[in-house]
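Each remark here refers to the structure printed beneath this line.
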Amino acid sequence: KPLVRADIVARCLLERLKEGGHVSRYAGERGVLPARTPTGEYDTEILCRSCDSYFSPWEEYAADLLHKSAPAINPSSSQQHYFVKQYDYTALKLCFLSILWRMSVSRRDIFDEIGLGPYEQTIKKMLLNKDPGTQSDFPIMLMRYKDKVGSLTMWGADRTKADGINMFRFGIPGYRVFIKVDKKSLKPGVQQACLAPNQPLAVILSRMDIGRPYEILKAVFANEKLSK
């Protein structure tokens with residue numbers, strides 16, 4: 001089958017950025033200056049049309065949940081998190097895993113840090129089977145930026161270690177996604193922040209100009225079991 005122009009992050013997830021007129025991208029914590037990418041990153045060598053369309057229902061659901069239906073947050077408030085009581089765990093998790101998988105199989109230089117190794121086939125199988133697994137299968141945490149700059153920014157993708165655990169992280173407009181790809185277990189306080197079936201969705205709130213993302217997430221959840 002002929003290959004097509006496949007967006008790494010679907011355009012429906014980039015709609016939020018129209019307010020800012022461009023996508024601002026930062027490479028992890030290294031302070032690389034923003035780059036203008038009006039239509040986001042894409043690759044012409046990884047997917048055929050039918051395969052690319054396979055992800056669309058998950059992407060459209062995520063765009064609606066995280067942007068159109070997201071609650072308004074006061075940027076100056078001290079609020080550190082909120083919960084979405086009901087959401088589609090399968091659709092949201094598979095959306096995030098599909099983005100990570102596309103970054104891993106892409107040969108674009110910008111995704112050089114995203115290499116899943118033996119986990120690449122595992123995630124591919126989960127996507128093909130529409131199986132999100134349990135909370136412990138590639139645990140995912142979600143952070144939302146409440147300040148205006150953060151809400152109109154899309155971070156780049158990179159690999160990091162948190163508490164000695166390998167994690168990948170990437171941005172979608174206004175959010176940052178953390179995915180654990182490691183056999184080691186997360187601390188219980190952090191684990192409860194991860195997407196889980198039949199549980200509310202925990203969204204950590206932060207400001208782009210304050211603190212290191214994972215440290216903020218860990219501080220919110222480490223020492224207390226929050227009521228949902």
Side-chain angles (χ1 to χ4, degrees), residues 9-10 12-13 16 53-73 79-104 116 119-146 162-163 165-206 213-214 216-228:
V9 178
C12 62
L13 285 164
R16 178 78 176 87
S53 300
Y54 187 82
F55 305 129
S56 295
W58 307 331
E59 296 163 339
E60 290 168 2
Y61 174 78
D64 181 76
L65 178 72
L66 302 180
H67 292 143
K68 296 177 183 178
S69 302
I73 301 294
Q79 185 177 356
Q80 293 183 305
H81 67 277
Y82 65 88
F83 290 100
V84 178
K85 290 187 177 180
Q86 293 185 333
Y87 77 104
D88 188 332
Y89 166 77
T90 296
L92 188 62
K93 184 166 181 178
L94 290 178
C95 174
F96 291 153
L97 288 178
S98 73
I99 293 172
L100 182 65
W101 180 81
R102 276 172 282 187
M103 289 177 175
S104 180
L116 291 171
Y119 297 106
E120 192 171 280
Q121 286 301 314
T122 303
I123 291 179
K124 179 180 179 180
K125 184 176 180 181
M126 292 170 70
L127 297 173
L128 290 173
N129 292 335
K130 299 182 180 180
D131 175 15
T134 68
Q135 184 185 47
S136 298
D137 296 313
F138 304 106
I140 297 177
M141 294 163 281
L142 183 64
M143 174 176 283
R144 178 182 174 186
Y145 292 101
K146 58 184 178 179
D163 295 328
I165 296 172
N166 290 308
M167 302 184 76
F168 293 100
R169 54 190 178 181
F170 60 82
I172 57 175
Y175 293 84
R176 207 165 186 193
V177 180
F178 298 76
I179 303 181
K180 181 180 82 74
V181 182
D182 199 305
K183 292 181 179 180
K184 298 177 183 177
S185 298
L186 292 168
K187 292 182 178 180
V190 177
Q191 182 77 18
Q192 70 163 317
C194 298
L195 276 65
N198 305 312
Q199 294 291 329
L201 169 65
V203 182
I204 308 302
L205 294 173
S206 181
Y214 181 81
I216 292 171
L217 186 152
K218 186 170 67 172
V220 171
F221 280 88
N223 299 315
E224 57 180 324
K225 187 168 181 61
L226 301 174
S227 59
K228 301 178 182 180

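FYI, side chains are in, hydrogens and waters are out, and symmetry mates aren't considered; it's all heavy atoms of this structure.
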Given Q191 and S136, is the side chain to side chain contact (heavy atoms under 4.5 Å, CB included) satisfied, shown in steps?
-> CA-CA 8 Å; Q191 182 77 18; S136 298; 3.9 Å; yes
Would L66 and V203 satisfy side chain to side chain contact (heavy atoms under 4.5 Å, CB included), going step by step from the backbone distance to the final call?
-> CA-CA 10 Å; L66 302 180; V203 182; 5.9 Å; no
Could you give me the CA-CA distance, side-chain angles and deciding distance for F83 and Q199, then say whether side chain to side chain contact (heavy atoms under 4.5 Å, CB included) is met?
-> CA-CA 10 Å; F83 290 100; Q199 294 291 329; over 6 Å; no
Verdict with supporting geometry, I204 and M141, side chain to side chain contact (heavy atoms under 4.5 Å, CB included) = CA-CA 8 Å; I204 308 302; M141 294 163 281; over 6 Å; no
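The heavy-atom pair separating Y54 from L128 by the smallest distance is OH-O, 2.8 Å. Taking both residues in full, the closest heavy atoms of V9 and G171 are given as CG2-O, 4.4 Å, listed atom of the first, atom of the second, then distance. Nearest heavy-atom pair, M103 versus F170, reported as atom, atom and distance to 0.1 Å: CE-CB, 3.7 Å. Taking each heavy atom of C194 and P139 in turn, the nearest pair found is SG-CB, 3.6 Å.
Residues N198 and Y89 form no side-chain contact, since every pair of their non-hydrogen atoms from C-beta on lies 4.5 Å or further apart. Contact of the P71 side chain with the R144 side chain is registered, since non-hydrogen atoms from C-beta on lie closer than 4.5 Å. Looking only at side-chain heavy atoms (C-beta outward), W58 and L127 come within less than 4.5 Å of each other. At a threshold of 4.5 Å between non-hydrogen side-chain atoms, the residues L94 and F55 do not count as touching. Taking the side chain as every heavy atom from C-beta outward, M167 and D182 never approach each other to under 4.5 Å. Residues Y119 and F168 form no side-chain contact, since every pair of their non-hydrogen atoms from C-beta on lies 4.5 Å or further apart. A heavy-atom distance below 4.5 Å is found between the side chains of V177 and L142. For the pair Y61 and C95, the minimum side-chain heavy-atom distance is 4.5 Å or more.
Here F138 contributes atom CZ and L100 contributes atom CG; the two are 8.5 Å apart, rounded to the nearest 0.5 Å. Atom NZ of K180 and atom CG of D163 lie 12.0 Å apart (nearest 0.5 Å). Here the CZ-CG distance, from R102 to L97, works out to 11.0 Å after rounding to the nearest 0.5 Å. Rounding to the nearest 0.5 Å gives a distance of 10.5 Å between CG of L13 and OH of Y175. A distance of 10.0 Å separates CD1 of I123 from CG of D137, quoted to the nearest 0.5 Å. Here NZ of K183 is found 12.0 Å from CG of N166. Values are rounded to the nearest 0.5 Å.
K146 places a side-chain N or O within 3.5 Å of a backbone atom of Q79 that can act as its donor or acceptor partner. Side-chain atoms of K93 come within 3.5 Å of backbone atoms of P132 as a donor-acceptor pair (strictly under, hydrogens ignored). At distances below 3.5 Å, at least one donor-acceptor pair connects side-chain atoms of H67 with backbone N or O atoms of P173. In this structure, the side chain of S104 engages the main chain of L116 through a donor-acceptor pair within 3.5 Å.
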